[in-house]
Amino acid sequence: MTDHELATKLKELAEAPAPPPRIDLDRARRIGGRRRRVRTTALVLGCAAVVAAGGLTAVSVFRPVPPLATAPAAVAPKPAPVAPAPTDNPLVTKASFGWLPEPIKGIEYGVGGHGDYALAIGRGDLAPMIWLAVWDQEPALDRRHDMGGKAVRVPVRVGDREGYWVTVDAADPLNQGNSYLRWPTGDGRWAELNAYYLTLPELQKVLLRVAGDVTFANRAVPLPLHITGLPESFRVADVNLWRRPDTDGVPWRAVLQYSSNGALATITVSLPGGESDGLGTPVCTTKNGLQACVRIDQPSAAGITAKELLSRITLLGPDEAKWTTHVIG
């Protein structure tokens, strides 16, 4: 983390307003602050030894929340085959949001050593967040070991399947505003929503509506660049498409990190003015309305210099309709 980023984070923590009434202030700050730091520093801490497994995406469609239906008897899901993930894009979805509530303003995606997810996010220092993740097997109740008490299940119907809330108080399924909702998918896996800083009436209904509209399928996320001649030794470490205009100074930022024989290569694309990722000074260019920066910490191990890798990148412009799902090749 650079001095500028550290100062920014400290300023955010010092000036952040009080969280919503249903959230415990100290607990919410610990949870939200820790996850914000992980999201903003993950790409420069320990990525070289990890390899990505897949990604998530989302599409937002805003419409009213219907009334909560009563839950019929559970029906065991029948596993269905999962289509193979595309191989020419490092950012591949496992699931997609459908309906999302009005405070949500954008969707972020991430894959790799620091987690595979889609994140529906709002605006502000304490932006409302709804994280979506897919697990091959049902995870442990307190998988983060940070719930502050003994986790319990509160059964609930999610769409046509039996799911449950994870909470430390069975009388409070929303877990003091740090809400976990899990349910089985139709292909034998498990999905999880984790929402916080979300202040809406009838929040249980809102989150159940969000979960009920999630679809599950591998799908490539469009990105603003095309790379030719990527070295065969390159392996995905982390890939993120961020939408944090309040902290990044640009509407979005795409960051691709690759490990290669112990080296770490970082590619950052944004509108001009966005901050580059990676330690040290990157090599940058501005073309077609976008800025691309490349930094390789050990060029001799990677077998390519930052300048050489940058020359193999084509920038597709700021119009997201012109981005590609065929990023590599």
Side-chain angles (χ1 to χ4, degrees), residues 1-2 5-6 8-9 12 30-58 85 89-95 97 106-121 127 129-137 139-140 142-147 178 180 189-197 218 220-221 223 234-244 247-248 252-260 262-270 274-280 282 293-297 302 327:
M1 177 181 291
T2 66
E5 290 172 333
L6 178 59
T8 298
K9 297 307 161 190
E12 288 177 357
R30 290 196 303 270
I31 294 167
R34 179 170 60 252
R35 290 177 188 170
R36 178 179 290 141
R37 290 193 296 272
V38 169
R39 289 282 292 112
T40 55
T41 63
L43 294 177
V44 294
L45 298 176
C47 294
V50 297
V51 177
L56 298 167
T57 186
N89 190 325
L91 188 56
V92 177
T93 76
K94 289 181 180 178
F97 284 115
I107 307 298
E108 298 185 348
Y109 319 97
V111 304
H114 291 88
D116 299 357
Y117 63 86
L119 169 60
I121 185 170
M129 298 184 182
I130 306 175
W131 297 80
L132 169 62
V134 179
W135 306 88
D136 289 336
Q137 297 180 340
D142 189 1
R143 61 178 181 80
R144 294 179 180 272
H145 306 290
D146 65 353
M147 296 194 72
N178 180 31
Y180 289 88
R189 297 178 295 175
W190 279 80
E192 178 186 84
L193 291 183
N194 175 211
Y196 49 92
Y197 299 147
N218 286 323
V221 177
L223 291 174
F234 273 39
R235 299 290 181 268
V236 171
D238 276 285
V239 180
N240 293 268
L241 179 59
W242 293 344
R243 299 185 185 276
R244 303 284 179 103
T247 57
D248 283 0
W252 55 265
R253 183 160 54 126
V255 182
L256 291 71
Q257 277 202 320
Y258 289 90
S259 62
S260 175
L264 187 64
T266 303
I267 302 169
T268 304
V269 178
S270 71
E275 297 180 1
S276 63
D277 279 284
L279 302 175
C293 294
V294 176
R295 201 269 178 176
I296 302 178
D297 61 355
V327 177

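Residue numbers count from 1 along this sequence. Please read all numbers here as calculations on a predicted model, not as lab measurements.
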The reported gap from CD in Gln137 to CH2 in Trp190 (rounded to nearest 0.5 angstrom) is 11.5 Å

Quick check for you: to the nearest 0.5 Å, what is the distance between Asn218 atom CG and Asn89 atom CG?
11.5 Å

Atom of Asp297, atom of Leu264 and distance for their closest heavy-atom approach
OD1-N, 2.7 Å

So, Asp238 side chain and His114 main chain: donor-acceptor pair closer than 3.5 Å or not?
yes

When every non-hydrogen atom of Tyr117 is compared with those of Asn240, the smallest separation belongs to OH-OD1, 2.7 Å

Separation of Ile296 CD1 from Phe234 CZ (nearest 0.5 Å):
5.0 Å

Starting at CZ of Arg189, measure out to NZ of Lys94 and round the result to the nearest 0.5 Å.
6.5 Å

Shortest non-hydrogen pair, Trp242 vs Asp248, comes out as CE3-OD2, 4.0 Å

Would you name the heavy atoms of Leu132 and Ala95 that are closest together and state the gap between them?
CD2-CB, 4.0 Å

Would you name the heavy atoms of Pro90 and Val236 that are closest together and state the gap between them?
CB-CG2, 3.8 Å

To the closest 0.5 Å, what do you measure between CZ (Arg244) and CD1 (Ile121)?
3.5 Å

Between atom CD1 of Ile130 and atom CZ of Phe97, what is the distance when rounded to the nearest 0.5 Å?
6.0 Å

Has the side chain of Glu108 got a donor or acceptor atom that lies under 3.5 Å from a matching backbone atom of Arg243?
yes

Can any side-chain N or O of Asp116 pair as donor or acceptor with the backbone N or O of Val134 at less than 3.5 Å?
no

Pair Tyr180-Asp142, side-chain donor/acceptor within less than 3.5 Å
no

